[in-house]
Amino acid sequence: MSFERTKEKLKILADAAKYDVSCSSSGSKRTNTNKGLGDSSGMGICHSYTEDGRCVSLLKILLTNFCIFDCAYCVTRKSNDIQRAAFKVEEVVDLTINFYRRNYIEGLFLSSGIFKNADYTMERLVAVAKKLRLEEHFNGYIHLKSIPGASDELMHEAGLYADRLSVNIEIPTESGLKKLAPDKNRADFIKPMLKVKNDIIENVSERKTIKSAPKFAPAGQSTQMIIGASGENDFQIMQTSNFFYKSYNLKRVYYSGYVPISYDSRLPQIGSEVPMLRENRLYQTDWLMRFYGFDVSEILNQNHQNLDLDIDPKLSWALRNLHEFPVDVNIADMHMLARIPGLGMKSVHKIMSARRFRKLNWEHLKKIGVALNRAQYFMVCDSNQFERRDLSPERIKGLILQNSHSKYRKTLSSQLSLFN
Amino acid sequence: MNAKTLIYDGTFDGFLSAVFYAFEYKLYDVFIMNQYSKQERLFSEKVQIYTENQKADRVWKGIQAKAGRSQSYKLYYAFLSERIDVESMLLDMIRYIFSDLNNAAKDFSHPSVLQVSKIAKMVGREKHRMEAFVRFRLMKDGIYFANIEPDFNVLPLISKHFEKRYADQKWLIYDIRRRYGLYYDLENVETIILDLPEHFDLTKTDEDYFTKKEFEFQKLWQDYFQSVNIASRKNMKLHVQHVPKRYWKYMSEKLV
């Protein structure tokens, strides 16, 4: 391996892969049994963080940035005038192993531009994973991209070596996709996703009877959507997300605020701001759906098509549903505790264990770590002090905003100043 | 009854032996102290505790039976924080665990239980950071070497993780502050003490010790780290929150 050549390629192909936000390295159950290299049975590890604050846990690269497609939102689109490069299979394997041995990474995230056709590309990706597993006895984490349109046989083989497979639907609506990526259609994305979903289900039931059956994509599937490139509202985005969680058993849907990379008139122009706050609110909604027992329609529906930017979605829901409050933390069930703004699931579990010993008052709750500045308006505890005034939702929101400092204050204040 | 100060040898078994002693003689006004501690207690009789593994085991098994596995490990984690007042907190929590209450170890409204659980969380976080931020460098003799300087004594906690993960390479992780390390020789992990010359700087990358290939891979990693950054999303506050500056000196990507 020539050092200078590899250095050059790594720069180009890592740069092109960075817009894929998935970085998780958890959820697999691949133990090191053969005295080989690596183990991915534990929790995921972020080995470093870039200056934009995102975690670096996998060696995230493209096999090549040559591509036959011309999707407007993508840096590696055919019509873009950029340096192109391609890794050899051995080069990727060598880099992965050497980075892993130095504890830089948890494993490999391999994606690719599409050259020749879908199957040709998918075959190369599978070859890398296969070599890592069979020749290098590598038990680290491998995340492969499913290439839209790849054949069922290749997807099956990919699942035997990879921990996670993902295919990015990128644009939340079909009409948006038609506008920005005329060469692609949604059916091509769905095909490998469906195959992997079915094979996972089959594998899980097979492993119940035959313990030694090889694992198939043990860390499941994920996908990603670009936010703010094609004009969808939050309601459409979360509906799509909910659909994919429910219909394809996805482990994660990632939301990626669009980073302007071209002067294409169909897209936000270079220099316009990345919608990071909106992205954050979407992730909060995603968490409410997956861990807090909310149904997506409670947070976003025909009447509320966009999330509030100045307050989090749970608080927003609570203000619309004041008739559900106040909640008594000493008797309420978990479902209702989880709905109090300012209470995370960790606090909910701590409250449930602690209240078996004594009735909890404000002091206890504060020590447990409840964000009382928000929670105080929505709950009562073992104390004769509680919010007795009949406050309107607007008034509560005002009081909370007055007493809190959002990390997005700068973004927000520039928006609010419009009204002054 | 006179106040007593129990002095133990600094090991966890030593501490548990002291707890055994306190329970055996029904001592209430008691203070457990590490023998290396510089604290002085006035008007208190000093008792030297001998570490007895059998007694320590009995206490540990008792705690595990009452508190369950995960809650009892919190005691061990908190012990490794090496905070000067941690022994008193642990003793208080152990007393509460052995009271008649069921599941007392999960009573987060009890001050010692909450405190121990918070300290254990800090230690756990440091353990996780070490699993993430350790950077091995390949030495000329084929050993992957890393030096660390953790806030708490987490080497005993990370040993298993690295043993499972790097089963096919020799590695050595050395805690500079506490002057001991873990060495894996492809079979077992051993605790070792390096005989280093005075003023020896382990953080310096020196071509006398490391292979040429090693510097190439460090360069590739540094380049990679630069390439994956998205400049238009720069957020240094979040960056430093995730990777506090005190760890930078060991991370090759931050040494550019």
Side-chain angles (χ1 to χ4, degrees), chain A residues 3 6-7 10-15 17-19 31-32 34-39 41-43 45-57 59-61 95 98-104 137 139-140 257 259-260 273-274 276 350-351 353-358 360 363-364 367-368 407, chain B residues 101-104 106-111 113-115 117-118 128 131-138 144 146 161-169 171 186 213-214 216-221 223-243 251-254:
Chain A
F3 170 61
T6 311
K7 202 174 113 180
L10 183 62
K11 262 194 178 151
I12 297 170
L13 295 169
D15 189 81
K18 70 185 174 192
Y19 299 100
T31 47
N32 190 347
N34 49 4
K35 238 187 185 241
L37 173 65
D39 185 284
S41 59
M43 57 180 113
I45 297 177
C46 298
H47 284 274
S48 194
Y49 291 85
T50 52
E51 290 187 351
D52 54 23
R54 296 182 313 153
C55 127
V56 180
S57 95
L59 171 62
K60 195 187 289 178
I61 46 174
L95 268 178
N98 275 292
F99 276 14
Y100 195 89
R101 286 199 184 283
R102 286 165 177 76
N103 206 37
Y104 296 162
H137 306 290
N139 302 302
V259 181
E273 211 161 315
V274 183
M276 293 208 278
K350 279 203 173 128
I351 287 172
S353 328
R355 72 185 185 187
R356 292 208 302 249
F357 297 90
R358 58 179 64 82
L360 306 178
E363 203 52 39
H364 295 132
K367 282 199 179 133
I368 280 173
K407 58 191 167 198
Chain B
L101 282 164
N102 267 333
N103 249 329
K106 282 190 178 168
D107 178 6
F108 296 107
S109 46
H110 183 277
V113 174
L114 189 66
Q115 192 68 345
S117 128
K118 277 187 177 157
H128 191 70
E131 288 167 359
F133 297 162
V134 157
R135 294 286 178 267
F136 285 118
R137 289 172 290 164
L138 181 58
Y144 285 85
H161 170 82
F162 284 101
E163 188 182 355
K164 270 199 309 192
R165 190 183 182 89
Y166 297 113
D168 72 338
Q169 73 189 44
W171 52 262
L186 298 179
K213 251 189 127 50
E214 176 53 40
E216 291 184 358
F217 278 112
Q218 279 180 32
K219 183 74 188 119
L220 288 175
W221 171 240
D223 284 0
Y224 173 73
F225 183 73
Q226 290 305 322
S227 310
V228 288
N229 182 40
I230 298 179
S232 53
R233 297 181 58 119
K234 188 169 176 171
N235 185 348
M236 282 309 275
K237 196 181 155 208
L238 185 59
H239 173 64
V240 174
Q241 190 181 318
H242 284 312
V243 195
M251 302 173 71
S252 34
E253 68 270 26
K254 299 301 292 180

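If you're wondering where the values come from, they're calculated on a predicted model, not measured in any experiment. Below, chains carry the letters A, B, ... as their sequence lines are ordered, and counting in each starts from 1.
- Counting heavy-atom pairs under 4.5 Å between each of Gly53(A), Cys55(A), Cys46(A) and chain B puts Gly53(A) at the top.
- Side-chain contact between Tyr104(A) and Phe136(B): absent, with no pair of heavy atoms (C-beta onward) separated by less than 4.5 Å.
- Proximity to chain B (any heavy atom under 4.5 Å) is restricted, for Leu360(A), to the side chain, taken from C-beta onward.
- Looking at Phe108(B), both its backbone and its side chain come within 4.5 Å of chain A, counting heavy atoms on both sides.
- In terms of heavy-atom pairs under 4.5 Å with chain A, the best-connected choice from Glu214(B), Met251(B), His110(B) is Glu214(B).
- A search for side-chain hydrogen bond (donor to acceptor under 3.5 Å, both in side chains) contacts involving Asn103(B) returns nothing, not counting sequence neighbours.
- Residue Phe357(A) touches chain B through its side chain alone, counting heavy-atom pairs closer than 4.5 Å.
- Residues Tyr224(B) and Leu95(A) have side chains not in contact (no heavy-atom distance under 4.5 Å, counting atoms from C-beta outward).
- Contacts between Arg54(A) and chain B at a heavy-atom distance below 4.5 Å involve the side chain alone, from C-beta outward.
- Residues Trp171(B) and Arg101(A) fail the side-chain proximity criterion, which asks for heavy atoms closer than 4.5 Å.
- The CD1 atom of Ile368(A) lies 6.5 Å from the OG atom of Ser109(B); values are rounded to the nearest 0.5 Å.
- Using a 4.5 Å heavy-atom cutoff, the side chains of Phe217(B) and Arg102(A) are in contact.
- Among the candidates Asn235(B), Val240(B), Asp168(B), Val243(B), the residue making the largest number of heavy-atom pairs closer than 4.5 Å to chain A is Asp168(B).
- A search for salt bridge (charged side-chain N to carboxylate O under 4.0 Å, His left out) contacts involving Lys7(A) returns nothing, not counting sequence neighbours.
- Contact count versus chain A (heavy atoms, under 4.5 Å) is highest, among Lys118(B), His242(B), Arg165(B), Glu131(B), for Arg165(B).
- Between Ile45(A) and His161(B) there is a side-chain heavy-atom pair separated by less than 4.5 Å.
- Between Tyr49(A) and Leu238(B), every side-chain heavy-atom pair lies at or beyond the 4.5 Å cut-off.
- When heavy atoms are compared at a cutoff of 4.5 Å, Gln241(B) does not approach chain A at all.
- Pairing each heavy atom of Asp52(A) with each of Asn229(B), the nearest pair is N-OD1, 3.2 Å.
- Shortest non-hydrogen contact noted between Lys106(B) and Ser353(A) is O-CB, 3.6 Å.
- Chosen from Glu51(A), Lys35(A), His364(A), the residue pairing most often with chain B at heavy-atom distances under 4.5 Å is Glu51(A).
- For the atom pair CZ (Phe3(A)) and NZ (Lys213(B)), the distance works out to 10.0 Å, reported to the nearest 0.5 Å.
- Comparing Tyr166(B), Trp221(B), Phe225(B) by how many heavy-atom pairs each has under 4.5 Å with chain A, the most go to Trp221(B).
- At a 4.5 Å heavy-atom cutoff, the contact between Leu114(B) and chain A is made by side-chain atoms alone.
- To the nearest 0.5 Å, the span separating NZ on Lys11(A) from CG on Asp223(B) amounts to 4.5 Å.
- Among the candidates His128(B), Met236(B), Gln169(B), Lys234(B), the residue making the largest number of heavy-atom pairs closer than 4.5 Å to chain A is Gln169(B).
- Going from atom CD of Gln226(B) over to atom CG of Leu10(A) covers 12.0 Å, rounded to the nearest 0.5 Å.
- When Arg356(A), Arg355(A), Arg358(A) are each tested for a salt bridge (charged side-chain N to carboxylate O under 4.0 Å, His left out) with Asp107(B), only one passes: Arg358(A).
- We find the OG-CE distance between Ser232(B) and Met276(A) to be 8.0 Å, quoted to the nearest 0.5 Å.
- Considering CG of Asn103(A) and CZ of Arg135(B), their distance stands at 6.5 Å, rounded to 0.5 Å.
- Between chain B and the residues Ile61(A), Leu37(A), Val274(A), the largest count of heavy-atom pairs under 4.5 Å involves Leu37(A).
- When each of Ser227(B), Ala104(B), Ala146(B), Ser117(B) is checked for heavy-atom pairs under 4.5 Å with chain A, Ser227(B) comes out on top.
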